[in-house]
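Beneath this line is the structure, given in structure tokens, with notes to follow.
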Amino acid sequence: MSAKRRTLVHWFRKGLRVHDNPALSQIFNDARASPEKFYVRPIFILDPGILDWMQVGANRWRFLQQSLVDLDKKLKELNSRLYIVRGKPVDVFPELFERWNVQLLTFESDIEPYALQRDTTVQKIASEHGVKVDTHCSHTIYNPELVIAKNLGKAPVTYQKFLGIVDKLKLPKVLAVPEGLPDGIKPIADEFEAVDSCVYDCPTLDQLVKRPQELGVNKFPGGETEALRRMEASLIDENWVAAFEKPNTAPNSLEPSTTVLSPYLKFGCLSARLLHERLKEILVRKPKHSKPPVSLVGQLLWREFYYTVAAADPNFDRMLGNAYCLQIPWQKQPDHLEAWTHGRTGYPFIDAIMRQLRQEGWIHHLARHAVACFLTRGDLWISWEDGQRVFEQLLLDQDWALNAGNWMWLSASAFFHQYFRVYSPVAFGKKTDPTGAYIRKYVPELAKYPAGCIYEPWKATLSAQREYGCVLGVDYPHRIVNHDIVHKENIKRMSAAYKVNREVRTGKQEDQNDYEPSPSQSTGKRKASSEAKKTVAKRRR
DNA sequence: AGGAGGTTGATATT
DNA sequence: AATATCAACCTCCT
């Protein structure tokens, strides 16, 4: 037997890749240096506790499953393999540490509160079992903690400030795929199967996707192989890369107008550091290029920005107790939330986006703006937290820091404050898709509506609706709100909410100039306002 | 204290 | 395609 051999374990969580993976490379290097001393076990833990932390829809389960299968394949090419462990980390690690005689555990550091608490506990268990733990920051280009430290212990609250800080930091070295392991470092199969009741091969689709009826089109398969293929395809046209300006890309093209690398970055199938390096190489050859915030590098740095600000506040995903977030008296409206969630608001552009999200798991960033603004400050006056939860379930690229940060941005709760700029659910989409081809694809019941009224089907007469084969209230819903009216009311509500927040912040009472709410929304406005004052008072600073 | 700038508004006008 | 107007927020910098 192998009693003298010790095991080196790499724990995959995010970072589902073999390229540019410092924590994985560390154990591979150690094992190659002394092959007679070590076994190597790369593991992924299917942690049931994750479901208390976040909602995961069928499409993202599939993405994960595909990513794990691809990772196993990549590891096998390196003469290793992936071990799937089922159970909570706190329960399984003590057993693994003992049974495998573990010497070293490595993993990629994370900033999400669930991960932080989990990892702290695991570190403690490891130390009790005499297991050394090494962590590496490789999900982001820059270490959020380091950026905060460089800014004197506070996260920068503007993107420009953030850029100023990271400009002075040195870039990490991007690592290649580690060299394959020599024979004998992989524990033989029946040895581990006999003793390890919680260790398995890669899960099948059936095992991970509990509601297969919710699976949509598999347009963006998971895995490092597909991630690298997609990156290469995105970088092939260097003029396109150099000229990229996010605001000039279309939210409603039939094929994505941007790279769709976000799901791969979220799971770490693609290294942000590698993508950044590759972009920079191209920009050296194309001196006339776009720049942050609108460039492709700028997009990566937005991700870094949100990771940094999120790392400084465990309440980043909620309004209460969130140091960044303005306190706004949103209202619960379950029927409106339900209509928005399932693409039944009666606004074809909004509904097309929400249906694309549910089917394909990805929508363009500006499409996210349109529906997020509509749900919150633009039209429905529903909390960004409710929208965040829906995105959390449906987006392939759901990433805690980015999702919360962008929802606060769009609802003008933090980082962005020009609440009087409201997206029109009618006009915004017309700019890039005047004929409504996108709506016809995702809201097929409206397919026969002419370009002139497909964004505003209520403008068609009843006889015209019959002619187009889609009668409002029967085949497609009436619009649930009148944007022209409610968006103006909501601007005033935002103004009132900002005023309350200012008063609490400065401790000064401003002139009374109360906005009288509309009859339809009047219940509880003053109460909501006073509640807002109380919650603002709970904010730090 | 005051002004400039802020990834991506809508609309009307030039 | 660029510019003014709408109404007017925040943070940063001087």
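The figures that follow rest on heavy atoms only: side chains count, while hydrogens, waters and symmetry mates do not. In the text below, chain A, chain B and the rest are named by the order of the sequence lines, each starting its count at 1. Predicted model, so just to flag it, every value in this text is computed and none were measured.
In this structure, E503(A) atom CD and dC9(C) atom C1' are separated by 15 Å, rounded to whole Å.
The aromatic rings of F267(A) and F63(A) sit parallel, their planes meeting at an angle under 30°, below the 60° perpendicular limit.
Ring centroids of Y419(A) and Y498(A) are separated by less than 6.0 Å, placing the two rings close together.
When the options Y306(A), Y324(A), W302(A) are evaluated for a ring-ring contact (aromatic ring centres under 6.0 Å, His included) with W409(A), the one that passes is W302(A).
Contacts between residues 281-298 of chain A and DNA chain C, defined by a heavy-atom separation below 4.0 Å, involve no residue at all.
For the residue pair T249(A) / H364(A), a side-chain donor-acceptor distance below 3.5 Å is found, with atom types taken as modelled. Between H139(A) and Y307(A), the side chains place a donor N or O and an acceptor N or O closer than 3.5 Å (distance only, hydrogens not considered).
Where DNA chain B meets chain A (any atom under 4.0 Å from a heavy atom), the bounding nucleotides read 5' to 3' are dG6(B) to dT11(B).
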For DNA chain C, what dot-bracket results from Watson-Crick or G-U pairs at under 3.5 Å, with [ ] for crossers and | for inter-strand partners? ||||||..||||||
Would you list the atom pairs, donor with acceptor, under 3.5 Å between side chains in residues 334-345 of chain A and any protein atom, with sequence neighbours excluded?
unit_1  : atom_1 : unit_2  : atom_2 : d
H336(A) : ND1    : Q333(A) : OE1    : 3.3
W340(A) : NE1    : V371(A) : O      : 3.0
T341(A) : OG1    : L337(A) : O      : 2.6
H342(A) : ND1    : E338(A) : O      : 3.4
T345(A) : OG1    : Y347(A) : N      : 3.1
T345(A) : OG1    : D351(A) : OD1    : 2.8

Counting only pairs under 3.5 Å, give me each side-chain donor-acceptor contact of residues 434-444 of chain A, with atom names and distances, residues two or more places apart or in other chains.
unit_1  : atom_1 : unit_2  : atom_2 : d
Y438(A) : OH     : Q356(A) : OE1    : 2.6
R440(A) : NH1    : A447(A) : O      : 3.1
R440(A) : NH1    : Y449(A) : O      : 2.4
R440(A) : NH2    : T435(A) : O      : 2.2
Y442(A) : OH     : Q356(A) : NE2    : 3.4
Y442(A) : OH     : E360(A) : OE1    : 3.2
Y442(A) : OH     : E360(A) : OE2    : 2.7

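Without hydrogens or angle criteria, D399(A) side chain to L402(A) main chain gives no donor-acceptor distance under 3.5 Å.
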Under 3.5 Å, N/O pairs linking protein and nucleotides 10-14 of chain C:
unit_1  : atom_1 : unit_2  : atom_2 : d
dC10(C) : OP1    : R502(A) : NH1    : 3.1

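Here F415(A) lies out of heavy-atom contact (under 4.0 Å) with every strand.
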